[in-house]
Structure formats: structure tokens, C-alpha cells
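Being a predicted model, the structure only gives us computed values, none of them experimental. Read the numbers this way: they start at 1 and go in the same order the structure lists the ligands and their atoms.
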Amino acid sequence: MSSINGAVLVLSGPSGAGKSSLIHKIMDDIGECYFSISTTTRPIREGEKDGVDYYFVDEEEFKREIEEDQFLEYAIVHGNYYGTSLKPVKKALSKGKLVIFDIDVQGNSAISSRLGEITTSVFITPPTLSELQKRLQNRHTDAKEVIERRVKMARREIQRVSEYEYLLVNDDLDKAANKLHLIAKIARFKKSNEEINEFVQKWEDL
Ligand code: 5GP
């Protein structure tokens, strides 16, 4: 990818970890950023809006976008397709924005191998598995078997936490938001080798 001067912040963690609430809390106070809206084939939940939370499409449309190479990465999570469109990310990065992703561990691994130099990764989790179960149940948005699937997935995902630079335990929303705020500010300073080389070249020439 050429002419990048933005940076990437990847946030992963089980559904129910509080990622969306944390993002909303810090969003207005971390400078110019772009929150990547993923495309998914999962059914829309109550309270969600197409084009705001996700772009909701059917499987046929999703597969067409795969064929057309429109995704920076995509994965099957909980039996549904989820993917990150390349175009808006490229645009935001070229404008120097901090691009924020809420994606799973597979997505983090794909983004890290493609944009690793400018990526900061954070795994967000509730303090315990039973707390996660409680939060998912209290949310009243998913059926019992969906919750069970998410909990099972969370057990698997936590095994890969060492692939992340930061582990953020969300037991107190304000405290966790303060920490994420710091990480997001620092994330901007990551530079690609290309940018560093360019800087050195100019620095020597002037
Ligand atoms: P939910 O259905 O609860 O919104 O999200 C389920 C999981 O899919 C979460 O772990 C979320 O981070 C992940 N996810 C959302 N969008 C993407 C995406 O574009 N790519 C990948 N790899 N995972 C995603």
C-alpha cells in the first residue's frame, strides 16, 4: 500500500467485552480517526443500523465482493461472514487518520501481516468468563444458543491473546476508557519503514 501516513488500531475481544462502549467513549478525543465499518452476513440486531454498525448483506453479495477483491481481510465468525473493505481504509490512511478496527483474532492476524508496521493491537476482555456470560445474558439481544456459541468462541479467542500488544481488562468502563485513550494516542506515532526512510532521506538532504 503506497503513501500511507496514518496508523491502525485493532481492537479485538469477545462480543460483550464492551468494545463499542469504549470506542464511543474515546472517539471524540483522539484526533482524526476513521472507524472501519465492516460488512457482514449476520442478521441485523435490534437497535443496529445498516451503514452505521455494519453493512448488512446476504451471502451472495458478500461472495461477490470477495471475488472482486474488495476486502482487506475477511473471516467467518460464529458462522457468519465478516469483512473489512479495503477502499475506505486506504483513503483514511492516506489522509493521515487513525483507522480503528473492531475485528476478531483472525482479522488481527491478517491486518498485522499486511499493515503490521503501523498497527497497534489491543485485546479487550471482561475480567472473567462468568462475567462475560452475565453481560451477554443481560444484553437480551441474542438467543441462548447464540450466547453459548459466543462464550465457546471467547474461550478459544483468549488463548490467542499473546498475539496482541496490549491486554485491556474492562472491569470499570471509565478506567478502561482512560487506558484505551492513552493507547490510541500513542498508536498514531507508529511509522512505517517507508516513512522513516523518507524522513531520514529528507533530514540528510536539508
Ligand atoms: P458481532 O456479531 O458481535 O458484532 O461481532 C462478532 C465478531 O466479529 C466480533 O469478534 C468482531 O470483532 C468480529 N468482526 C466484526 N467485523 C469484522 C471484520 O470485518 N473482520 C473480522 N475478521 N472480524 C470482524
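- Interface atoms of ligand 1 facing A75, defined by a heavy-atom separation under 4.0 Å, are 22 (N).
- By the 4.0 Å heavy-atom criterion, Y74 is excluded from the residues contacting ligand 1.
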Next on the checklist: Run N5 and E195 through side-chain hydrogen bond (donor to acceptor under 3.5 Å, both in side chains) and show every step you take.
Outcome noted: CA-CA 7 Å; N5 47 36; E195 283 172 274; 5.8 Å; no
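- Counting heavy atoms only, K19 comes closest to atom 9 (C) of ligand 1 of the residues R42, H78, K19.
- Proximity of E73 to ligand 1, defined as any heavy-atom pair under 4.0 Å, is confined to the side chain (atoms from C-beta onward).
- Side chain of K97 to main chain of G6: no donor-acceptor pair is present (N/O by atom type, distance under 3.5 Å, no hydrogens or angles).
- Looking at heavy atoms from C-beta onward, T120 lies out of side-chain contact with I186 at the 4.5 angstrom threshold.
- Only the side chain of V77 comes within 4.0 Å of ligand 1, counting heavy atoms alone; its backbone N, CA, C and O stay farther away.
- Closest to atom 19 (O) of ligand 1, if we only count protein heavy atoms, is S38 OG, 2.7 Å.
- Each of F71, F62, Y55, Y54 was evaluated against Y81; a single residue qualifies, F62, per the ring-ring contact (aromatic ring centres under 6.0 Å, His included) test.
- Side-chain atoms of R114 come within 3.5 Å of backbone atoms of L72 as a donor-acceptor pair (strictly under, hydrogens ignored).
- Counting heavy atoms closer than 4.0 Å to ligand 1, residue R150 contributes side-chain atoms (C-beta onward) but none from N, CA, C or O.
- Judged by the shortest distance from any of its heavy atoms, G83 lies inside the 4.0 Å radius around the atoms of ligand 1.
- Nearest protein heavy-atom contact of atom 5 (O) of ligand 1 is Y54 OH, 3.3 Å.
- Under the 4.5 Å side-chain heavy-atom criterion for ILVMFWY residues, no single connected hydrophobic cluster contains both V169 and L173.
- Considering E60, E65, E61, E59 in turn, E59 is the only one that fulfils the side chain to side chain donor-acceptor pair (under 3.5 Å) rule with K63.
- Those atoms of ligand 1 with a heavy atom of G107 less than 4.0 angstrom away are 22 (N).
- Contacts with ligand 1 closer than 4.0 Å are made by no heavy atom of F101, backbone or side chain.
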- Test side chain to side chain contact (heavy atoms under 4.5 Å, CB included) applied to F56 and R42, step by step: CA-CA 7 Å; F56 295 94; R42 96 146 150 71; 3.7 Å; yes
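- No more than 12 heavy atoms of other residues, nucleotides or ligands shown are found within 6.0 angstrom of CD on E32.
- Here's the thing with T84: one of its N/O atoms is less than 3.5 angstrom from an N/O atom of ligand 1.
- On a distance-only criterion, Y82 and ligand 1 share at least one N/O pair closer than 3.5 Å.
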**OP:** For E131 and K134, run salt bridge (charged side-chain N to carboxylate O under 4.0 Å, His left out): C-alpha distance rounded to whole Å, both residues' side-chain angles, the deciding distance at 0.1 Å, then the answer.
**Re:** CA-CA 5 Å; E131 173 64 23; K134 210 164 74 189; 3.5 Å; yes
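- Residue-ligand proximity: R45 is placed with a non-hydrogen atom under 4.0 Å from ligand 1.
- One option in D53, I124, D104, L136 has a heavy atom closer to atom 23 (N) of ligand 1 than any other, and that option is D104.
- Given atom 11 (C) of ligand 1, the protein heavy atom at minimum distance is D102 OD1, 3.6 Å.
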